Asks: 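Provided herewith is a single structure, encoded as structure tokens, for subsequent inquiry.
Whatever order the structure lists them in is the order used to number ligands and atoms, beginning at 1. If you're wondering where the values come from, they're calculated on a predicted model, not measured in any experiment.
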Amino acid sequence: MITVTDLRKVYRQGKKEVVALDGVSLSVPKGAIHGIIGHSGAGKSTLVRCLTLLDRPTSGSVNIDGRELSSVKDSEIRAARRRIGMVFQHANLMDSRTAAGNVAHPLELVKTPKDRVRAKVAELLKLVGLEGFENAYPSQLSGGQRQRVGIARALASDPDVLLCDEPTSALDPATTDEILDLIQDLTRRLQLTVLIITHEMHVVKRVCGSVSLLARGRVVEAGELADVAAELDSKLARALLPLPASEPLKGALQAGPVLEILFSGDTAKEPVLTSVARHFDIDLNVLAGSVETLAGQQFGHLRVQLAQGADYDAVLGYLRDRGISAKLAAAVGPSEPPDVDVDMPDFVTETGDLK
Ligand SMILES: Nc1ncnc2c1ncn2[C@@H]1O[C@H](COP(=O)(O)OP(=O)(O)O)[C@@H](O)[C@H]1O
Ligand SMILES: [Mg+2]
């Protein structure tokens with residue numbers, strides 16, 4: 001379990017102060033994967049450095065499994081750091097050492113007996129699916145295999161916590177998913193507590209149970225994935241369930257108001273649109289949509305245009321009564337120009353990745 005409470009880090013540059021972390025709090029239970037996303041400059045690397053004791057926080061606390069890290073004495077830092085496994089964007093392997101040699105390195109540093117090292121390395125390489133690659137050098141391995149070696153090395157000291165800094169940013173999409181699935185599998189099997197720093201929404205969607213959005217050193221949104229995704233106006237929901245731009249239809253029947261609707265969980269399974277059409281005896285059209293399974297639940301984010309003159313207030317009330325988030329995106333009438341709010345939040349690209 002990781003608990004970060006009101007963490008602040010202020011760097012001094014001459015007379016200037018740079019507030020890199022401005023009161024960050026988060027909590028990740030054992031066996032869970034928490035994603036931290038944010039722009040460049042948001043404070044992600046500073047947070048990693050404070051968690052790995054490469055940097056001392058200015059104030060606040062970092063607690064891992066009941067142990068307060070910020071008060072660890074300098075002489076105990078090495079031992080404390082062994083409780084935290086680090087996985088980097090580029091596996092950062094030693095080119096002159098084989099896969100086995102790289103995984104063995106942290107064990108050799110603490111003078112582990114040779115036969116114990118050999119057995120542990122074999123076990124770790126098997127765990128990450130690299131049996132038979134003991135003697136391969138990094139240059140002979142694919143990017144995904146190198147990252148597997150990096151993960152095996154991170155697990156060599158039997159850490160409680162795995163801290164992954166952009167673990168898949170250098171990998172192609174198929175390899176990204178293999179590595180994410182491996183991290184998820186290891187989290188369950190070894191009951192790790194995992195933090196993944198990323199700028200890719202896909203990583204959050206695929207493996208994170210909870211997420212924090214970091215901006216200017218502060219957590220601006222956070223929560224269980226299923227909860228943040230269900231908030232129609234949250235930045236994270238808009239990034240998790242992006243709606244592509246769309247023009248309202250202008251035909252006589254469909255020059256009506258445009259609604260944005262967010263279904264989640266069980267409500268996603270009900271044929272709500274059909275029931276709206278029947279209940280109000282109106283036509284409607286889906287202009288854009290995004291459907292995802294997040295944290296095992298189905299979510300749908302739709303932009304729907306109702307028939308001209310439809311009583312959108314009544315429709316909104318009907319949807320909300322059924323536990324569905326909905327809002328008016330544009331009240332388009334015959335005399336009004338179409339004006340649909342299709343802007344993505346400024347930190348999200350068209351594909352839903354963070355810029
Ligand atoms: N050693 C440092 N000295 C001064 N300012 C720093 C230092 N490290 C980071 N910063 C500043 O702290 C802020 C957060 O940086 P960083 O944690 O690297 O963000 P991220 O990893 O999200 O891109 C930035 O404004 C950055 O310029
Ligand atoms: Mg960084």
Side-chain angles (χ1 to χ4, degrees), residues 2-28 33-64 69-70 74 77 81 84-93 143 147 150-151 154 161-171 176 179-180 183 194-205 207-208 210-223 228 234-236 238-240 344-349 351-355:
I2 306 176
T3 312
V4 174
T5 313
D6 206 14
L7 198 66
R8 278 177 62 80
K9 178 67 192 180
V10 181
Y11 291 108
R12 277 172 218 291
Q13 285 184 323
K15 282 183 189 149
K16 233 180 66 192
E17 282 193 343
V18 182
V19 182
L21 294 177
D22 190 9
V24 168
S25 298
L26 55 91
S27 169
V28 191
I33 306 181
H34 185 85
I36 303 221
I37 53 170
H39 271 313
S40 127
K44 304 185 296 296
S45 298
T46 306
L47 180 61
V48 170
R49 282 198 301 274
C50 288
L51 289 174
T52 52
L53 295 168
L54 289 171
D55 233 339
R56 290 284 186 170
T58 307
S59 63
S61 91
V62 178
N63 192 294
I64 292 181
L69 275 199
S70 30
D74 284 348
I77 278 186
R81 221 178 256 157
I84 304 164
M86 273 295 296
V87 176
F88 307 94
Q89 178 173 353
H90 302 283
N92 298 3
L93 304 180
Q147 194 56 293
I151 292 170
V161 168
L162 202 58
L163 208 54
C164 309
D165 194 0
E166 301 277 1
T168 58
S169 300
L171 303 175
T176 290
I179 293 297
L180 291 175
I183 291 173
V194 180
L195 261 184
I196 302 187
I197 312 283
T198 184
H199 69 280
E200 294 169 299
M201 228 43 223
H202 174 76
V203 172
V204 176
K205 284 183 190 176
V207 292
C208 295
S210 57
V211 60
S212 295
L213 173 61
L214 200 64
R216 281 179 233 96
R218 287 171 177 267
V219 174
V220 291
E221 284 181 12
V228 294
S234 77
K235 289 183 168 73
L236 285 168
R238 289 176 159 263
L240 290 164
M344 298 291 287
D346 62 3
F347 65 98
V348 183
T349 66
T351 56
D353 279 340
L354 295 173
K355 281 180 194 161

Asks: Taking distance alone, with N or O pairs closer than 3.5 Å, would you say Ser40 contacts ligand 1?
Replies: no
Asks: Would you say Lys9 touches ligand 1, if touching means a heavy atom closer than 4.0 Å?
Replies: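 Distance cut 4.0 Å: Lys9 fails for ligand 1.
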Asks: Nearest 0.5 angstrom please: Ile179 CD1 to Thr168 OG1, how far?
Replies: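 Atom-to-atom, Ile179:CD1 and Thr168:OG1 are 8.5 Å apart.
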Asks: I'd like to know if the side chain of Ser25 and the backbone of Asp6 have a donor-acceptor N/O pair within less than 3.5 Å.
Replies: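 Yes, the answer is positive, given that a donor and an acceptor are paired below the 3.5 Å cut-off.
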Asks: Taking both backbone and side-chain atoms of Gly43, is any N or O found less than 3.5 Å from an N or O belonging to ligand 1?
Replies: yes
Asks: In terms of atom number and element, which parts of ligand 1 are under 4.0 angstrom from non-hydrogen atoms of His39?
Replies: 22 (O)
Asks: Could you check if a side-chain atom of Thr5 sits within less than 4.5 angstrom of a side-chain atom of Asn63, using non-hydrogen atoms only?
Replies: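 Counting from C-beta outward, Thr5 and Asn63 never come under 4.5 Å.
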Asks: Considering only non-hydrogen protein atoms, determine which one is nearest to atom 6 (C) of ligand 1 and report residue, atom name and distance to 0.1 Å.
Replies: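 Result for atom 6 (C) of ligand 1: Tyr11 CD1, 3.3 Å.
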Asks: Is there a donor-acceptor pair closer than 3.5 Å between any side-chain N or O of Gln13 and the backbone N or O of Val18?
Replies: no
Asks: Considering heavy atoms of the protein only, find what lies nearest to atom 12 (O) of ligand 1 and give residue, atom and distance to 0.1 Å.
Replies: Ala20 CB, 3.3 Å
Asks: For atom 20 (P) of ligand 1, what is the closest protein heavy atom, and at what distance to 0.1 Å?
Replies: Gly41 N, 3.4 Å
Asks: What protein heavy atom sits nearest atom 18 (O) of ligand 1, and how far off is it?
Replies: Ser45 CB, 3.7 Å
Asks: Quick one: which ligand 1 atoms are inside 4.0 Å of a heavy atom on Lys44?
Replies: 17 (O), 19 (O), 20 (P), 21 (O), 22 (O), 23 (O)
Asks: Determine the sole option in Arg218, Lys9, Arg216 for which the side-chain hydrogen bond (donor to acceptor under 3.5 Å, both in side chains) test with Asp22 is passed.
Replies: Arg218
Asks: Given Val207, which of Val194, Ile183, Leu180 fulfils the side-chain contact (heavy atoms from CB on, under 4.5 Å) condition?
Replies: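 It is Leu180, the one option of Val194, Ile183, Leu180 that forms the side-chain contact (heavy atoms from CB on, under 4.5 Å) with Val207.
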Asks: Would a 4.0 Å cut-off, counted as strictly less than, catch a protein heavy atom around atom 26 (C) of ligand 1?
Replies: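 When distances to the protein are checked, atom 26 (C) of ligand 1 has no heavy atom within 4.0 Å.
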Asks: Would you say ligand 1 has an N or O under 3.5 Å from any N or O of Ala42?
Replies: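 Min N/O separation from ligand 1 is below 3.5 Å for Ala42.
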Asks: Can you find a pair of side-chain heavy atoms, one from Asp165 and one from Gln89, that are under 4.5 Å apart?
Replies: no
Asks: Heavy-atom distances under 4.0 Å decide this one: backbone, side chain, both or neither, for Arg49 against ligand 1?
Replies: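 The side chain, only.
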Asks: May I ask you to decide if Ser234's main-chain N or O and Glu221's side chain share a donor-acceptor pair within less than 3.5 Å?
Replies: no
Asks: For ligand 1, is there an atom lying under 4.0 Å from some heavy atom of Arg12?
Replies: no
Asks: Applying a 4.0 Å heavy-atom criterion (strictly less than), which segment of Thr46 is in contact with ligand 1: side chain, backbone, both, or neither?
Replies: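 The part of Thr46 near ligand 1 is both the backbone and the side chain.
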Asks: Side chain, backbone, both or neither: which part of Gln13 has a heavy atom under 4.0 Å from ligand 1?
Replies: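 Side chain only; the backbone of Gln13 stays clear of ligand 1.
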Asks: N/O/S atom of Thr46 under 2.8 Å from the Mg ion (ligand 2), yes or no?
Replies: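 No N, O or S atom of Thr46 is closer than 2.8 Å to the Mg ion (ligand 2), so no.
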Asks: Quick check: do Arg56 and Asp74 have side-chain heavy atoms less than 4.5 Å from each other?
Replies: yes
Asks: With a 4.5 Å heavy-atom cut-off, do Leu51 and Val4 have their side chains touching?
Replies: yes
Asks: Taking side chain as C-beta onward, heavy atoms only, is Tyr11 less than 4.5 Å from Asp55?
Replies: yes
Asks: Can you list the atoms of ligand 1 that are under 4.0 Å from a heavy atom of Val18?
Replies: 11 (C), 12 (O), 25 (O)
